[in-house]
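Chain identifiers are assigned alphabetically (A, B, ...) following the order of the sequence lines, protein sequences preceding nucleic acid strands; residue numbering begins at 1 within each chain. All figures in this text were calculated on a predicted structure; none of them were measured in a lab.
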Amino acid sequence: MKKRRAVWAGERAGIPIAGGRLIDLHAHLWAGREELDARLMLEEAEILGAEYIAISHLWGYNPSPDQVHQGNDHVARWVKQSGGRFRGQAILNPRHGKRALAELRRCYEELGMRMVKLWVAARCTNPIVFPIVERCIDLRLPILQHAFCKATGNLSNESLPEDVAELALRYPQARFVMAHVAGDYIRGAWAIRRAPNVWADISGTYCEAGMVETAVRELGASRVIFGSDNGIAFNLGKVQDARISDADKARIFYRNAKELLP
Amino acid sequence: MICDVGCFLGAWPFRSLPSSGPRGLKAMARKQGVTCVAVSAFEEVFHEDAFRATARLTGRLASLPMARQFQVVNPLFPGWQRDLERGVRELGIRGVRLTPGYHGYALTDPAVQALADAAREFQLPVAIHARLQDERMHWISRFPPVPVKEAGEFLAKTPGLRVALLGFEVGEAGSISAIIKDRPAAWVDWSRLRCMLWGLDRLLEQIPAERILYGSLWPLQTPSAMLNLAKVARIGEAARKRILWTNGIRFLTGRGR
């Protein structure tokens, strides 16, 4: 009997994905629309052949302990239902102090989550974030840290790429993924060059030409990660059109994420 | 076949681009299957002596038969009427491009009405850019985006003019839908979709395929990102052809259904 050839990621949609394998390390279920988001993501992952999508829950800028708890439960439920297509990232609010650490423990031990997401509840250089980072070092969990640098003005507790670099240098044993290459990707890449324990994901921005090339040039392809922030097909194009080698593209699409979150 | 109504050549003043010359445009078109493209020059937006940039662009486009040159016009600048007339008669200009946020005028300004009248007289389509780049990422200077309300007032006052509204945010799709609903010959692009699952499908829930055209904003943006959305969109081939080709051609030429 003829053996069936494996279908490469992107093949069904006619979208070339270098290396043929794909992981999306940055996506969210938004409060109130968890089921819709999850179903749309699963459909997209199926068509594009993504190995998995790492998801976390977002409720608001400063979610309450109950909201965090419920959000992580939503994620865990969908991870279970997804047949391996989702991996869970624990959303935590550093303002919850010991409750945040207890929630981290619950997410790790009971819900099987192996990555943490920190958004905009606290700037990442705020000392209230440190205990979470220290616990993540103990548990060997990478942290997806939101960062953005907006010419129009950041949120009051929104981290800048310089903040992520500062935190990473304080904790060289920790591993961070800085989201969005911080939006202003030039400043973002420059800021974290000196912190080798920070990777940059390309998610969430418009499809600015030069973003991926800049990140690869300044950080090396081994520190650039594919993420979508909801919408894989769109974000694939940023890497597809980048003037970098196919080997580098394959690293970005798959290998770097696989090493961080096997 | 793909028709791209939103391309530029030249140097973007705020950051280096991987490619922004005629060879890059040609390579992008070959890769994406683009066979018709409306092109302007960034220098027309940012230089005070814009017409010189327009004339230079004509020379640069000579080896690109697929290109249709769109002249960037600032209706507040003295003598724009003469520049536009020269553009049409001497350079073979095929359309007008407006960048209000970069030139500091509102679409409701009477000067814009005069420009619309001139465009209609020359039978030129008009492309209006709400923005060229994410305003959150504009290094050094700020350029306000065009409000949808203004675009609506412009459309209401320019019946018969072919207009493409480019670079409006996807969150504005509802209001955009309302302003183009009863206004024939007005289209919108999807160059500002992001962070939205099945983005083009969802845009099509608000705006019919007859009113959507493709503008890549190359070389500022990566065209594959937008075209991937068209590839995975759960729409029929007829609708796909319409948004990637037919509507663009209709905007550019006034022909086709």
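Within 6.0 Å of CZ on Arg23(B) lie no more than 12 heavy atoms contributed by other residues, nucleotides or ligands.
Of the listed residues (Leu200(B), Thr222(B), Leu220(B)), the greatest number of heavy-atom pairs within a distance under 4.5 Å of chain A belongs to Thr222(B). Most heavy-atom pairs under 4.5 Å with chain A, from the set Pro219(B), Pro223(B), Gly199(B): that is Pro223(B). Contact count versus chain B (heavy atoms, under 4.5 Å) is highest, among Ala242(A), Gly183(A), Cys149(A), for Gly183(A). Between chain B and the residues Arg187(A), Glu213(A), Lys150(A), the most heavy-atom pairs under 4.5 angstrom are made by Lys150(A). No other option in Gly231(A), Ser203(A), Ala233(A) has as many heavy-atom pairs under 4.5 Å with chain B as Ala233(A). By number of non-hydrogen pairs under 4.5 angstrom with chain A, the leading residue of Arg234(B), Glu135(B), Met226(B) is Arg234(B). In terms of heavy-atom pairs under 4.5 angstrom with chain B, the leader among Asn235(A), Val239(A), Thr205(A) is Thr205(A). Among the candidates Trp198(B), Trp12(B), Trp218(B), the residue making the largest number of heavy-atom pairs closer than 4.5 Å to chain A is Trp198(B).
The residues Glu237(B) and Arg240(B) are annotated as salt-bridged, a charged nitrogen and a carboxylate oxygen being separated by less than 4.0 angstrom. A salt bridge does not link Arg194(B) with Asp229(A): none of the charged nitrogens is closer than 4.0 Å to a carboxylate oxygen.
Only the side chain of Ile47(A) comes within contact range of chain B, with heavy atoms under 4.5 Å apart. Only the side chain of Ile186(A) has a heavy atom closer than 4.5 Å to any heavy atom of chain B. Both the backbone and the side chain of Pro18(B) come within less than 4.5 Å of a heavy atom in chain A. Both the backbone and the side chain of Asp37(A) come within contact range of chain B, judged by heavy atoms closer than 4.5 Å. The contact between Leu48(A) and chain B is made entirely by side chain atoms (from C-beta outward), counting heavy-atom distances below 4.5 Å.
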Asn228(B) vs Gln240(A), side chain to side chain donor-acceptor pair (under 3.5 Å): CA-CA, chis, key distance, verdict:
CA-CA 10 Å; Asn228(B) 284 351; Gln240(A) 279 171 254; 2.6 Å; yes
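Between His129(B) and Phe143(B), the gap from one ring centroid to the other reaches at least 6.0 Å. Tyr214(B) and Trp190(B) have their aromatic ring centers within a separation under 6.0 angstrom.
Relative to the ring axis of Tyr185(A), Arg15(B) does not place its NZ or CZ within 45° and under 6.0 Å from the centre.
Taking the six-membered ring where tryptophan is involved, the planes of Tyr102(B) and Phe46(B) are perpendicular, since the angle between them exceeds 60° and thus also 30°.
Side-chain atoms of Tyr206(A) and Arg131(B) include no donor-acceptor pair closer than 3.5 Å.
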